[in-house]
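These figures come from a predicted structure and were not determined experimentally.
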Amino acid sequence: MSIYMNITRKDVVILAIASIAYVSPILLSGSYYIDDINRSIYGYGWQHDGRPLSTLIMQLLSGGKIITDLYPFTQVISSFLLFISGYILSKVCKLHGYSAHLGAAIFATCPFFLQGLSYRYDCLPISLSVFFCMLSFCFNFQKHIDLLFSAILITLSLLIYQSSIMIFCLMTVIYCTSQLREESIKNICLFIFDKILSVFISLVIFFWLTKILSLDFSDRNKFITEGDIILNLTENLHNFKSIATSYLNESFFIYFSPLIILTITYTIKQAFYLGLKRSIFAAVLFFCALLMLPGINLILASPYWTPRTVTNLAFLPFIFIGFCNLKDSKAFIWLSCISLILPISICTSYASSLKSQDDLTSIISEFIYDKSNAFHGKKIVFIGSMPVSHQLTLSMIKFPVLGYMSPNYLNDQTTWGVALLRSKSVIPSDMYVEGGQREELLKQVSHSKLIANAYNVSIKESESAVFIDFR
């Protein structure tokens with residue numbers, strides 16, 4: 001039941017142009033995004049996150065152990081890999097011609113991929129892990145070869161970025177729904193069994209490698225069974241719902257409703273064609289696919305819920321499109337174009353807002369730098385958070401999903417502000433304090449002397465500390 005996929009030169013050119021056009025607003029913003037700040041200083045990899053292959057790939061591309069900034073090439077290639085992955089998904093759903101290209105665009109422009117594309121360093125490994133999970137569906141190998149090939153690709157994906165593993169499972173289910181017209185339920189079940197076996201083999205290899213390589217996951221590999229299962233599961237579902245509904249809201253349904261109506265219509269038509277038994281089996285597959293959307297985070301004790309960990313939501317329309325047998329439907333082509341207006345608008349708004357916030361951050365950082373002669377030998381304490389630019393505020397109101405992707409570095413809740421000031425040669429890292437020492441120094445705020453006040457930030461000085469106060 002594997003599929004041989006013929007991707008022509010024309011397809012590659014169309015996908016390449018579309019991918020560059022889509023990522024260009026992010027490229028033009030020129031931002032260093034979260035982890036990029038520290039990596040631009042130290043050039044470290046991802047071993048501490050249990051992602052040794054990510055480190056190896058980027059070291060090979062960087063020409064040495066110190067990972068270098070390969071902007072804009074990493075982001076351009078990453079965007080292209082996402083469009084190619086979307087094209088593979090579209091072909092699995094039996095979309096043809098321009099329908100397949102637009103299907104690829106619907107997948108790749110899902111806003112939850114935007115965060116991954118924003119990273120100058122992380123973007124390529126993340127996109128590669130997605131691509132590897134889809135690649136086995138491009139070839140028509142014999143059963144045993146396909147089993148081994150799939151297991152190898154899943155293992156590679158796990159060593160690059162573990163969150164992508166559910167993509168392979170979703171692809172399996174979507175492929176099976178697309179085959180209900182031609183294949184027997186027995187053959188489909190055997191195909192599912194083979195893919196489950198591939199996942200099992202890859203997990204055995206992966207966990208064996210984690211022991212051999214002594215991989216460190218920073219306590220992110222603990223399952224909900226290690227605590228209160230119901231409480232952890234409820235909290236994870238709540239966090240997933242919060243991120244998902246930040247995009248799947250009123251605006252989404254306005255732009256995607258024509259495509260949703262088309263899909264529902266074809267789904268009902270297909271159900272009548274297939275009969276009761278196959279339709280019930282399809283409903284079971286739909287339900288399984290929907291359960292997979294929260295991803296691996298759902299069963300972890302303390303996962304990081306960020307947009308890049310819920311990219312499985314990009315598969316949501318294709319769970320049903322694969323069943324519909326749309327092929328090269330002209331209605332699908334036109335309605336897809338309408339649907340794409342929203343994610344493209346989110347991308348451009350996100351990039352300009354990111355640039356706006358970066359510009360404001362630079363102004364405040366320069367203001368702090370001008371007063372850095374007062375920092376000599378003293379500890380740095382942040383109080384509150386820097387203001388958000390007006391453009392970003394407006395964008396987050398318009399597109400709530402951007403609130404999960406637009407970082408505010410200068411604050412007292414994270415160490416990213418210190419990383420940012422360190423990257424701009426304002427302060428060394430050992431000047432920043434946390435925990436109990438910070439609480440002790442805060443007692444000196446009321447007796448501190450005001451050095452400067454501008455841009456909604458006050459710089460105050462005491463005997464042993466300098467306070468950067470955004471209140």
Exercise for the section: Give a yes or no on whether the backbone of V76 and the side-chain of S79 come within a donor-acceptor separation of less than 3.5 Å. Expected result: no
Practice task
Evaluate the side chain to side chain contact (heavy atoms under 4.5 Å, CB included) criterion for residues Y87 and H101: first the C-alpha distance (whole Å), next the side-chain angles of each, then the deciding distance (0.1 Å), finally the verdict.
Solution key: CA-CA 6 Å; Y87 186 79; H101 301 140; 3.6 Å; yes
Completion exercise
One should read off an interatomic distance between Y404 OH and S242 OG, to the nearest 0.5 angstrom, of 4.5 Å
Handout entry: Heavy-atom closest pair, residues P400 and N249
Key = CD-ND2, 3.8 Å
Completion exercise
Closest non-hydrogen contact found for I296 with M166 is N-CE, 4.2 Å
Exercise for the section: Please state whether the rings of F320 and F286 are parallel, tilted or perpendicular, taking 30° and 60° as the class boundaries. Expected result: tilted
Handout entry: Under 3.5 Å donor-acceptor, S129 side chain and S157 backbone
Key = no
Exercise for the section: Assess whether atom CZ of F252 is packed by more than 12 heavy atoms of other residues, nucleotides or ligands within 6.0 Å. Expected result: yes
Handout entry: Pairwise distance OG(S246) to NZ(K241) - rounded to 0.5 angstrom
Key = 12.5 Å
Handout entry: Full working for side chain to side chain contact (heavy atoms under 4.5 Å, CB included) between S163 and R308
Key = CA-CA 9 Å; S163 294; R308 64 190 172 106; over 6 Å; no
Fill in the blank from the handout: So CZ of R120 and OG1 of T68: to nearest 0.5 Å the spacing works out to 12.0 Å
Practice task
Could you tell me whether the side chain of I106 reaches within less than 4.5 Å of the side chain of L259, counting heavy atoms only?
Solution key: yes
Handout entry: Sub-4.5 Å side-chain heavy-atom contact between I88 and F107
Key = no
Handout entry: Side-chain heavy atoms of D146 within contact of S150, under 4.5 Å
Key = yes
Exercise for the section: For S395 and S349, test the side chains for any donor-to-acceptor distance below 3.5 angstrom and give the result as yes or no. Expected result: yes
Completion exercise
Tightest non-hydrogen contact, residues M396 and G403, listed as SD-CA, 3.5 Å
Exercise for the section: Check the pair T309, T306 against side chain to side chain contact (heavy atoms under 4.5 Å, CB included), reporting the backbone distance first and the verdict last. Expected result: CA-CA 5 Å; T309 63; T306 61; 3.5 Å; yes
Practice task
Spell out, as yes or no, whether a donor-acceptor pair under 3.5 Å connects the side chain of S99 to the backbone of I333.
Solution key: no
Fill in the blank from the handout: The side-chain contact (heavy atoms from CB on, under 4.5 Å) partner of I160 among L53, I126, T155, L124 is L53
Exercise for the section: Answer yes or no: are there more than 12 heavy-atom neighbours, outside I66 itself, under 6.0 Å from its atom CD1? Expected result: no
Practice task
Find out whether I205 and I152 are in side-chain contact, i.e. whether some heavy atom of one side chain is under 4.5 Å from a heavy atom of the other.
Solution key: no
Problem - Atom OH of Y255 with >12 non-hydrogen neighbours under 6.0 angstrom - result: no
Problem - Straight-line distance of I261 CD1 to F256 CZ, nearest 0.5 Å - result: 13.5 Å
Exercise for the section: Specify the closest pair of heavy atoms between S136 and L153, including all atoms of both residues, with the distance to one decimal. Expected result: N-CD1, 3.5 Å
Exercise for the section: Check whether any side-chain heavy atom of C347 lies under 4.5 Å from a side-chain heavy atom of L114, and answer yes or no. Expected result: yes
Exercise for the section: Output yes when a side-chain donor or acceptor of Y33 lies under 3.5 Å from a complementary backbone atom of L117, and no otherwise. Expected result: no
Handout entry: Backbone of N236 reached by a side-chain donor or acceptor of N297 within 3.5 Å
Key = no
Fill in the blank from the handout: Nearest heavy-atom contact between F113 and A314 is CE1-CB, 3.5 Å
Practice task
Under the side chain to side chain contact (heavy atoms under 4.5 Å, CB included) rule, what do Y44 and I67 come out as? Steps first, then yes or no, please.
Solution key: CA-CA 6 Å; Y44 60 84; I67 295 172; over 6 Å; no
Exercise for the section: Determine, step by step, whether Y266 and F332 satisfy the ring-ring contact (aromatic ring centres under 6.0 Å, His included) criterion, reporting the C-alpha distance in whole Å, the side-chain angles of both residues, the deciding distance to 0.1 Å, and the verdict. Expected result: CA-CA 11 Å; Y266 270 80; F332 178 81; 9.4 Å; no
Problem - Check: T361 side chain, Q357 main-chain N or O, donor-acceptor pair, under 3.5 Å - result: yes
Handout entry: K355 NZ: over 12 foreign heavy atoms closer than 6.0 Å
Key = no
Practice task
Using a strict cut-off of less than 4.0 Å between a Lys/Arg side-chain nitrogen and an Asp/Glu carboxylate oxygen, indicate whether D11 and K91 qualify as a salt bridge.
Solution key: no
Practice task
Any chance you could measure S90, atom OG, to I84, atom CD1, to the nearest 0.5 Å?
Solution key: 11.0 Å
Problem - Side-chain donor/acceptor of S164 to backbone N/O of I167, under 3.5 Å - result: no
Handout entry: Side-chain heavy-atom pair D122, R51 within 4.5 angstrom cut-off
Key = yes
Handout entry: Donor-acceptor contact below 3.5 Å, side chain S339 vs main chain L335
Key = yes
Handout entry: Check: R39 and Y119 side chains under 4.5 Å, non-hydrogen atoms
Key = no
Completion exercise
The side-chain contact (heavy atoms from CB on, under 4.5 Å) partner of L285 among I319, L290, I192 is I192
Exercise for the section: Count the heavy atoms belonging to other residues, nucleotides or ligands that lie under 6.0 Å from NE2 of H96, then report whether that count exceeds 12. Expected result: yes
Handout entry: Backbone N/O of V92 and side chain of S178: donor-acceptor pair under 3.5 Å
Key = yes
Exercise for the section: Would you give the length of the straight line joining atom CE of M134 to atom CG of L81, rounded to the nearest 0.5 angstrom? Expected result: 11.5 Å
Practice task
Flag the pair M58 / T74 as yes when at least one side-chain heavy-atom distance between them is below 4.5 Å, and no otherwise.
Solution key: yes
Problem - Near-ring test F137/F168, centroid separation under 6.0 angstrom - result: yes
Exercise for the section: Quick one: closest heavy-atom pair of L95 and A100, and the distance? Expected result: O-CB, 3.6 Å
Exercise for the section: Examine distances only and state if a side-chain atom of T55 and a backbone atom of W46 form a donor-acceptor pair shorter than 3.5 Å. Expected result: yes
